[in-house]
Amino acid sequence: MIPSIKAPGNNTRGLLAYLYGPGRQDEHTDPHIVGSFSPLGLRDPGRDPGATLTQLARILDEPVNLRNSGFGKKATGHVWHCPVRAAPGDRHLSDAEWGEIARRTVHAAGIAPDGDPHGCRWIAVRHADDHIHILATTVREDGRRPKLHGSAKRAQAEARKIEQELGLHQVQPGDRTGERRPTQAEMHKADRLGWQQTSREWLQDRIRDAVPHAASVEELFAYLEADGVEVKIRRLPSGDLQGYAVGRPGDTNAEGEQIYVPGGKIAPDLSLPKLRARLAASAPEEHPTARRNRSSSSWQRTTDVLDRVHQHLAEDSTAGGEGDGALGQAQITALGDIINATAQTAPQELRAELRAATRAFARAQRSQVRADHQGAADLRQAARDILRAGDGPDGNALTVMIAALVWAAVLSGRWHQARGHAQQAHAARQTVQHLQAAYDQAAADQLAALAHRRPGPEITSTLAGDVRSAVPAHATRILTEPNWPALATVLADAQALGHQPRQLLQEAAARRELTTARLPAKVLLGRIQHTSRNPAPNPAAEAARRRSPAATALGLRATPPTDPTAPPTAPAGTPPRRTR
């Protein structure tokens, strides 16, 4: 249940005309009063043929007119308007219940406190099943103005109590970092022009799409202009940026002039200071040749970076929200850039779910925690690498990376939950659902191909023994899951490259707990595909390579092997020992 206090107005009669009228699209049905300031009730223009809107407005405005007829300061902005809407899945509420909700709302807001005979005059009008409109005139019976500072916060707190008492949908408490909801005017304008989104929603998508491409706000503005967005920049006399606003082509006012919206009014994290701090922390741009010459793909490198994020967010969540959380918030913010970059470059059939994940995660990207964006520069660079990769997704690397994004979103939700960020945690859970759907779709053909290559019964039986030994608590679920044949194939392939299946299973389970996993075999499969993509290191062979004349010529010095069981390294230039 959401009370939404509107900007104050001056026309009581005009607002009544809207509340009792047919609505902009004939959506109003049976307008009538369900609650008011008067214990004896008022003549209701919706039910009494002899009552008029003008008479009702005169009654509500009487304290205002009395005050304004004197010699004191005139009351302006005296019309208080607060729609209260139930959630889509809530049960049908009676008129009596809506009347009580209205009474408690005006009490909490300070409009008409319980037991105060001098409170403001108000009515609650119902013209639809799922909401009411509260109209009040903010001059008390004693001529004073009510104290409304913090009224929205108090009304929201009262709504949370009402939801619990009436068994309604529990709205998560906010922290003033949420974006503004589209207004009725914006939605009607979009509908009239045939747009699927309101202008602010459209602009938010364009800005978020541009952020991963840019290393500075100047680059961001250039990218937006190239994408067809109208950009208006304000500069100080020194030439430094002071602010910016953006406009959607075709969104004009009554005079035909382009409408511009400041970034901070689109979403709190899209203001110029927030964007500047975020983009200034980008890692230095790498030379394109160096990027091309690196052996692993952008998708694999991103999964490597996400592994470090997994570790930090898991440790930070376990700590119960202690510490300033600056690095965790920065990682979560940059994680949204990676999800967005993936949505822009993934195959077409995956983009709908990935785009939905991007929009959902936008709420999880911002909180009251001040982010240390410099600590997440590698994540922002990973997002840019994905966007600039010329060869597209590399084999199954995209599927593995989406699986890593699923776990990162899960950990982001836990990180927010540990800090009491209810709305952000809810947004992260929504993101997980969309990412999981994208992963299921991306992995379907690959899992079928792996299952088709299932190793023989003897090897499969041996690998099942490794599962029971490595993850005994989850072995039954893994071995009975439909994805077990595909996992067995991945383990067999890894073993052929010199890896130990049992060790791979233990490492994968340590990186991603399996208790809450919907399909643990699929989770392990993705992790093992990533960690076993290269042959297992051979310390003896590496030591021999470093002793070769070519390595000596390049100045490579022998280093102690990482394997404590490997033989000691001989001095450089010593021929390798012969083995029988």
Side-chain angles (χ1 to χ4, degrees), residues 1-8 19 32-39 41 79-138 140 145-181 268 320-321 363-364 366-368 413 416-430:
M1 178 169 294
I2 301 175
S4 179
I5 299 175
K6 305 300 182 181
L19 298 183
H32 59 281
I33 294 174
V34 295
S36 74
F37 72 96
S38 173
V79 179
W80 188 84
H81 178 205
C82 178
V84 183
R85 187 176 298 273
D90 281 341
R91 63 179 176 82
H92 178 88
L93 297 174
S94 67
D95 282 355
E97 287 175 315
W98 276 119
E100 179 63 12
I101 290 169
R103 184 197 62 77
R104 292 178 62 171
T105 301
V106 294
H107 163 74
I111 292 292
D114 289 344
D116 183 352
H118 303 297
C120 299
R121 298 187 177 188
W122 63 273
I123 61 169
V125 176
R126 182 179 188 178
H127 56 206
D129 285 342
D130 63 347
H131 70 279
I132 58 172
H133 290 260
I134 306 174
L135 184 161
T137 49
T138 55
R140 292 163 48 87
R145 302 298 296 268
K147 296 180 180 180
L148 299 180
H149 179 72
S151 60
K153 188 175 182 180
R154 295 193 299 271
Q156 292 290 349
E158 187 66 21
R160 303 295 81 78
K161 297 177 183 177
I162 294 170
E163 290 164 353
Q164 188 171 12
E165 293 173 14
L166 297 184
L168 305 177
H169 171 73
Q170 295 280 294
V171 176
Q172 303 295 342
D175 60 358
R176 301 193 179 192
T177 61
E179 62 201 49
R180 297 185 180 185
R181 294 176 177 272
R363 184 66 187 93
R366 56 183 182 268
S367 72
Q368 292 285 8
H416 279 304
Q417 196 67 49
R419 284 169 168 72
H421 304 163
Q423 290 191 3
Q424 290 88 339
H426 177 68
R429 289 192 292 271
Q430 289 180 312

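- Contact detail for C120 and R140: the closest heavy-atom pair is SG-CG, 3.9 Å.
- Residue L166 is tested with R91, E100, K161 for a side-chain contact (heavy atoms from CB on, under 4.5 Å); the sole match is R91.
- Distance check: S367 OG to R419 CZ gives 8.5 Å after rounding to the nearest 0.5 Å.
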Q: Quick one: do S4 and R85 satisfy side chain to side chain donor-acceptor pair (under 3.5 Å)? Show the steps, please.
A: CA-CA 8 Å; S4 179; R85 187 176 298 273; over 6 Å; no
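- Looking only at distances, a side-chain donor or acceptor of E97 sits under 3.5 Å from a matching main-chain atom of S94.
- In this structure the side chain of R145 reaches within 4.5 angstrom of the side chain of T138, judged on heavy atoms.
- For R181, the CZ atom counts as loosely surrounded, since its 6.0 Å shell holds 12 or fewer non-hydrogen atoms of other residues, nucleotides or ligands.
- Using a distance-only test at 3.5 Å, with no hydrogens or angles considered, no donor-acceptor pair links the side chain of R429 to the main chain of Q424.
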(Q) Quick one, H92 with D130, criterion side chain to side chain donor-acceptor pair (under 3.5 Å). Give me CA distance, side-chain angles, the key distance, then yes/no. (A) CA-CA 7 Å; H92 178 88; D130 63 347; over 6 Å; no
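- Residue pairs satisfying the ring-ring contact (aromatic ring centres under 6.0 Å, His included) criterion with at least one member in residues 95-128, sequence neighbours excluded, are listed as follows: H28-H127, H127-H131, H127-H133.
- Put simply, the side chain of R160 never gets that close to the backbone of E163: no donor and acceptor are under 3.5 Å apart.
- Ion pairing between D114 and R104 fails under the 4.0 Å rule for side-chain N and carboxylate O.
- What you find for A427 and A364 is that their closest heavy atoms are CB-N, 3.9 Å.
- The two residues A124 and A102 have their closest heavy-atom pair at CB-CB, 3.5 Å.
- Here S36 contributes atom OG and L135 contributes atom CG; the two are 12.0 Å apart, rounded to the nearest 0.5 Å.
- Between Q417 and A425, the shortest heavy-atom contact is OE1-CB, 3.2 Å.
- Taken to the nearest 0.5 Å, the CD1 atom of I101 stands 9.0 Å off from the CZ atom of R126.
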**Q.** Test log, rule side chain to side chain contact (heavy atoms under 4.5 Å, CB included), inputs L19 and I123
**A.** CA-CA 11 Å; L19 298 183; I123 61 169; 5.6 Å; no
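- Salt bridge absent: E179 and R363 never bring a charged side-chain N and a carboxylate O closer than 4.0 Å.
- Nearest heavy atom pair, residue A86 against residue D90, reads CB-OD2, 3.7 Å.
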**Q.** Residues S151, I5; criterion side chain to side chain contact (heavy atoms under 4.5 Å, CB included); working and verdict
**A.** CA-CA 9 Å; S151 60; I5 299 175; 3.7 Å; yes
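- Here the CG atom belonging to L168 is positioned 5.0 Å from the CE atom belonging to M1, to the nearest 0.5 angstrom.
- A distance of 9.0 Å separates OG of S38 from CZ of R121, quoted to the nearest 0.5 Å.
- The NZ atom of K6 sits 12.5 Å away from atom CD1 of I134, with the distance rounded to the nearest 0.5 Å.
- Atom CD of Q164 sits in a sparse spot, with 12 or fewer heavy atoms from other residues, nucleotides or ligands closer than 6.0 Å.
- Checked by atom type and distance alone, the side chain of R154 pairs as donor or acceptor with a backbone atom of A109 at under 3.5 Å.
- Using modelled atom types, one side-chain atom of Q156 and one backbone atom of P3 make a donor-acceptor pair closer than 3.5 Å.
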